[in-house]
Structure formats: C-alpha cells, structure tokens
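Each chain gets a letter, A, B and so on, in the order the sequences are listed, and its residues count up from 1.
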Protein chains: 2
Amino acid sequence: MVEDQTVEIAEIFHLLGDPTRLGIVTCCLDKPRNVGEIAATVGVSASLVSHHLRLLKAARLVRAERRGKQVYYATADEHVDRILKDMIEHVAEPHREDA
Amino acid sequence: MVEDQTVEIAEIFHLLGDPTRLGIVTCCLDKPRNVGEIAATVGVSASLVSHHLRLLKAARLVRAERRGKQVYYATADEHVDRILKDMIEHVAEPHREDA
DNA sequence: CAAATAAATGAATATATGTTCAATTGTATG
DNA sequence: CATACAATTGAACATATATTCATTTATTTG
C-alpha cells in the first residue's frame with residue numbers, strides 16, 4: 001500500500017478512534033441530528049460536540065445542514081455508514097477465546 | 001448503540017488510527033511477516049514495531065507465531081482483513097468535491 | 001557453552017489532543 | 001431592535017501516547 005493512502009486512512013480511523021467522537025458519529029447514523037440532541041444522547045457538552053463535529057466535517061465523515069436555529073449533522077455517505085455498521089457487526093460477533 | 005460497544009469499537013479504530021501502526025497491520029495483510037521485515041517495510045526501528053505489535057496483539061488485531069528466531073505476525077482474522085480492505089477501497093474511490 | 005541474531009521490554013521525553021470554560025456568532029421571534 | 005436560544009470558537013490545561021535508546025530475553029549455531 002502507498003504511504004499517502006496509509007496516512008489518509010489512518011486519519012479516518014484516528015477520528016473514529018475516540019469514544020466521544022465515535023458516539024457522535026453513530027448518533028447520526030440513522031437520521032440527521034442537531035447538536036443539542038447529539039450532546040444529550042452522548043452525554044457531553046454542546047461545546048465539545050461542536051469541537052468534534054468540526055474535525056469530523058473537515059474529514060468528510062459527516063455533513064452539516066442548518067434548519068433554522070439548529071444545525072443538523074448526518075453521516076457523509078454510504079461509505080461511512082458501511083464502515084461503521086461493519087465494525088458494529090464485527091464487535092457483535094462472539095470472540096474466539098484461546099486456551 | 002451501547003456505551004460499552006462504543007468504547008470497544010473506538011479502541012479498535014484508535015489502534016488503526018496511527019500511521020505507523022496501520023502500516024504494520026497492512027504489511028501483515030497478505031501473508032505473515034516477521035518483525036524485521038515489517039520494520040524494513042514500514043521504515044521504522046524493530047523496537048518501535050515491537051511496541052506497536054504488542055498493542056495490536058492485545059487487541060486481537062494480529063496473531064503471533066514464532067518460527068525459529070523470528071516471530072511472524074499476521075492479521076488475526078477475516079474480520080480485520082475486511083475492515084482494512086473496505087477502508088482501502090473507500091479511500092481509493094474518487095471524492096465528491098462540493099462547489 | 002559462547003557468540004550472534006531477533007525480538008521484547010522499560011524508562012524517559014517530546015508532542016498531540018480531548019476537555020473545559022468563557023466569550024462570540026448566527027438565527028428566530030416578541 | 002432587544003431578548004433568547006443554538007452553535008461555534010479560542011485559549012488553557014491535563015493527559016495520553018508515539019518514539020527513542022539502552023537493556024534484556026529468547027533462539028539458533030559454531
């Protein structure tokens with residue numbers, strides 16, 4: 001694999017590698033959520049959510065859309081959805097325990 | 001999604017989120033590689049590779065097998081392979097540029 | 001058993017980064 | 001236009017962590 005590709009992929013993984021940030025993204029998996037909703041669901045301040053959303057948006061992992069006073073965030077595309085759903089599946093399956 | 005699941009998934013993403021570490025794992029994608037090979041391929045010291053491999057192994061992302069003086073590492077299972085290959089595909093596809 | 005090679009370990013360090021808090025910007029509405 | 005609500009921004013801080021270097025452990029072979 002190419003060096004640049006590795007760095008690019010690592011950046012994506014890195015963003016998804018923080019529990020708070022991952023919670024934020026998965027919160028937006030089903031349907032668009034506004035910052036307040038996300039903050040309440042994940043259980044952190046709106047400020048923190050906003051900080052994280054900025055990074056996620058810059059990396060094209062989420063999309064933003066303003067509706068009146070609120071800004072709604074959704075996962076950017078089906079790629080992101082699949083990556084997350086695959087990983088959720090992966091973890092859901094039983095682990096192989098060695099003796 | 002459940003809190004514990006989120007943390008567990010974030011841990012996996014986090015491990016794959018470092019360029020050096022991701023390089024190490026992808027290096028082991030095709031076939032088992034020993035530490036020296038990995039170090040040479042990725043372009044870092046064997047010590048550093050070893051440090052990272054310990055984390056990757058603890059998280060069941062890679063498997064170790066000693067053959068004489070060398071220790072060969074491979075991706076732990078098809079899940080890991082698929083996650084990596086999916087992500088590589090994802091990045092390979094052209095980005096959608098907004099106006 | 002001694003020497004050589006491969007890998008792992010531990011301590012130390014420099015850096016990155018998640019979080020908080022206060023202040024600011026944007027939007028609707030009385 | 002002023003108030004209220006939602007979201008963003010910036011600075012400051014505490015913590016986590018990637019890397020280096022020196023040392024040690026494991027394994028083969030002369």
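The shortest side-chain heavy-atom distance between A:V71 and A:E65 does not fall under the 4.5 Å cut-off. Residues B:I38 and B:Y72 are not in side-chain contact: their nearest non-hydrogen atoms beyond the backbone lie 4.5 Å or more apart. Between A:R21 and A:L16 the shortest side-chain heavy-atom distance does not fall below 4.5 Å. Side-chain contact check for A:K57 versus A:L61: every heavy-atom pair is 4.5 Å or farther apart.
Scored by the side-chain hydrogen bond (donor to acceptor under 3.5 Å, both in side chains) test, A:D81 finds A:T75 as partners (sequence neighbours excluded).
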Under a 4.0 Å heavy-atom criterion, the protein footprint on nucleotides 3-15 of chain D, written with B, S and -, is --BSSBBB-----

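Atom CZ in B:R21 sits about 13 Å away from atom C1' in C:dA16, given to the nearest Å. Taking atom CD of residue B:E11 and atom P of nucleotide D:dA16, one finds them 14 Å apart after rounding to whole Å. At whole-Å resolution of the value, NE2 in B:H14 and P in C:dT17 are 9 Å apart. For B:D18 and D:dA16, the CG to C1' distance is 13 Å, given to the nearest whole Å. At whole-Å resolution of the value, CZ in A:F13 and C1' in D:dT17 are 19 Å apart.
Under 4.0 angstrom from either OP1 or OP2 of C:dT19 there lies at least one side-chain N or O belonging to A:H52.
The minimum heavy-atom distance linking A:K69 with A:R66 is given by the pair O-NH1, 3.2 Å.
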